[in-house]
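Okay, so here's the structure we're looking at.
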There are 2 protein chains.
Amino acid sequence: MTMPAIKTKKNISKKAVITEKASELFKQKGYNATSMRHLAEAVGVEAASLYNHIDSKASILHEICFRVADAFNENLDEVEKSSQNALTKIERILRFHIRMMIDRYDEIYVANHDWKHLEEPGLTEFLNHRRNYEKRMAAIIEAGVKKNELRSIEPHVAVLVLLSAVRGIEFWQRNKRNISAAELEENMILHLTGGLKKQ
Amino acid sequence: MTMPAIKTKKNISKKAVITEKASELFKQKGYNATSMRHLAEAVGVEAASLYNHIDSKASILHEICFRVADAFNENLDEVEKSSQNALTKIERILRFHIRMMIDRYDEIYVANHDWKHLEEPGLTEFLNHRRNYEKRMAAIIEAGVKKNELRSIEPHVAVLVLLSAVRGIEFWQRNKRNISAAELEENMILHLTGGLKKQ
DNA sequence: CCTACCGATCGGTAGG
DNA sequence: CCTACCGATCGGTAGG
């Protein structure tokens with residue numbers, strides 16, 4: 001008799017290590033420049049052994065990208081459900097993005113940079129996720145402008161500015177200066193919502 | 001007797017075609033995922049023939065990245081020389097970035113995404129260029145804050161927000177909606193400088 | 001500018 | 001989880 005429960009548990013845990021190391025390497029070198037042999041070395045096994053835990057190199061990227069997408073979608077669901085005003089909603093979304101960029105940097109970086117190498121149908125699905133997310137954010141801003149809560153600004157441009165500004169935390173990650181994560185967050189919120197508020 | 005003048009002219013022009021096609025392909029697929037055989041096909045020759053015009057795949061990436069870096073540095077030189085106030089200087093820099101993102105999108109995209117694959121010493125040189133550029137921008141903002149022209153904001157965070165927000169034009173390039181380039185530019189400036197102005 | 005070809009490395013499999 | 005190995009593809013060179 002085998003012991004399926006324990007075997008499963010072991011596999012999951014090793015798979016988690018592989019995904020984590022892959023996130024690190026993909027972030028450092030990029031998806032294509034990271035070979036399964038590099039990854040195997042980082043994990044501490046031979047390349048062939050990785051395939052006992054994962055299906056393919058592509059499947060690792062798929063898992064990283066969609067885990068990230070799911071986290072952002074869940075947060076947006078919650079924000080949408082609330083009855084706060086538009087500026088508060090946007091601020092909540094921004095704070096979530098900023099914290100994800102700080103706490104789960106490797107995964108986020110990979111999802112932002114290497115989604116292009118997803119295989120179909122994952123690629124299309126991922127892009128649909130993203131387009132949908134941007135539309136929902138734009139709708140929040142549009143409602144705020146209509147209610148005269150926000151400065152009159154083109155909602156899609158505002159979304160583009162907000163989402164990419166937050167990605168700029170990559171600069172901060174590269175050389176974490178004297179600024180703390182909290183200080184970074186407050187200054188970003190100040191700058192970005194300052195451009196949305198009515199003067 | 002050979003005719004060196006004409007021969008040189010021919011080589012330069014073919015090299016320009018190679019660089020242009022490479023920018024396009026690197027943008028679409030990424031540097032590593034673009035093979036010299038793909039590039040040769042796009043140019044209309046066999047892969048081996050490319051090497052009559054360029055030294056290596058790496059040298060193409062080098063040329064793209066440094067051509068971009070030089071353009072931004074030249075503009076910043078000009079802005080610094082002027083005696084305008086801080087907000088005007090920042091606005092001029094932003095408008096230049098926005099127009100570069102629109103007019104020379106392929107090159108800029110490659111410089112932003114694939115600089116990581118530059119070979120040393122190019123990689124270090126490129127990163128120094130960038131760090132220097134960010135410092136000079138931060139100095140402009142810092143001076144504006146001190147002179148009480150700008151809202152009190154951490155200058156390095158402001159630079160990070162501004163430079164990455166502008167990169168968000170990638171979203172716009174992916175699905176150029178109903179918004180014109182001019183409308184995009186004015187809305188971005190409104191949003192980003194709105195967060196810098198004193199209320 | 002081409003044909004022919006090089007050594008290196010890739011993702012992945014067979015079999016134990 | 002390993003050894004041994006596969007076909008495919010890579011950047012680049014020799015020689016004409």
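Letters A, B, ... are given to chains in the order of the sequence lines, protein chains preceding strands, and every chain is numbered from 1.
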Legend entry - Main-chain N/O of A/Leu196 paired to A/Thr193 side chain as donor or acceptor, under 3.5 Å: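 Not at all, since once roles are kept as given, no pair shorter than 3.5 Å links the two residues.
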
Legend entry - Reported CE-to-CD1 distance for the pair B/Met188 and A/Ile153, which is rounded to 0.5 angstrom: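 Taking CE in B/Met188 and CD1 in A/Ile153, the distance rounds to 9.5 Å.
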
Identify each donor-acceptor pair in which a side-chain atom of residues 90-99 of chain B lies under 3.5 Å from a protein atom, sequence neighbours left out, and give them as a table.
from    : atom 1 : to       : atom 2 : distance (Å)
B/Glu91 : OE2    : B/Arg95  : NE     : 3.2
B/Glu91 : OE2    : B/Arg95  : NH2    : 2.9
B/Arg92 : NH1    : B/Gln84  : OE1    : 2.8
B/Arg95 : NH1    : B/Glu185 : OE2    : 2.9
B/Arg95 : NH1    : B/Glu186 : OE2    : 2.9
B/Arg95 : NH2    : B/Glu186 : OE1    : 3.3
B/His97 : NE2    : B/Tyr133 : OH     : 2.8
B/Arg99 : NE     : B/Glu185 : OE1    : 3.2
B/Arg99 : NE     : B/Glu185 : OE2    : 3.4
B/Arg99 : NH2    : B/Glu185 : OE2    : 2.9

Legend entry - Given DNA chain D, 5'-ward residue of the pair A/Arg37 and A/Ala47, judged by closest heavy atom: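 Going by which nucleotide is closer to the 5' end, it is A/Ala47.
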
Inset, instruction - Assign each of A/Met36 and B/Ser49 to its nearest nucleotide of DNA chain C by heavy atoms, then name whichever residue's nucleotide is nearer the 5' end. - result: B/Ser49

Legend entry - Toward the 5' end of DNA chain C, by each residue's nearest nucleotide, A/Ala48 or A/Ser35: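 Its nearest nucleotide lies further toward 5', so the answer is A/Ser35.
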
Show the atom names and distances, to 0.1 Å, of all donor-acceptor pairs under 3.5 Å that link a side chain in residues 21-28 of chain B to residues at least two apart or in another chain.
from    : atom 1 : to       : atom 2 : distance (Å)
B/Ser23 : OG     : B/Thr19  : O      : 3.0
B/Lys27 : NZ     : B/Asp106 : OD1    : 3.2

Side chains of residues 38-46 of chain B: which donor-acceptor pairs under 3.5 Å do they make with residues two or more places apart or in other chains?
from    : atom 1 : to      : atom 2 : distance (Å)
B/His38 : ND1    : B/Ser35 : N      : 3.2
B/His38 : ND1    : B/Ser35 : OG     : 3.2

Inset, instruction - Walk along DNA chain D from 5' to 3' and tell me the first and last nucleotide with an atom closer than 4.0 Å to a non-hydrogen atom of chain B. - result: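 The footprint of chain B covers D/dC10 to D/dT13.
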
Inset, instruction - Quick one: stems involving DNA chain C, counted as three or more successive Watson-Crick or G-U pairs, both distances short of 3.5 Å. - result: C:1-16 with D:1-16

Inset, instruction - Would you mind classifying the nucleic acid contact of B/Thr34 as base, sugar-phosphate or nothing, using non-hydrogen atoms under 4.0 angstrom? - result: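 The answer is sugar-phosphate, as B/Thr34 gets under 4.0 Å only of primed atoms, P, OP1 or OP2.
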
Side chains of residues 64-73 of chain B: which donor-acceptor pairs under 3.5 Å do they make with residues two or more places apart or in other chains?
from    : atom 1 : to       : atom 2 : distance (Å)
B/Arg67 : NH2    : B/Glu63  : OE2    : 2.9
B/Asn73 : ND2    : B/Ala69  : O      : 3.4
B/Asn73 : ND2    : B/His129 : NE2    : 3.3

Legend entry - More than 12 heavy atoms from other groups under 6.0 Å of CD on A/Glu170: yes

Legend entry - Where A/Asn187 and B/Glu154 come nearest, the two heavy atoms and their spacing: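 For A/Asn187 and B/Glu154, the tightest heavy-atom pair comes out as OD1-N, 3.0 Å.
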
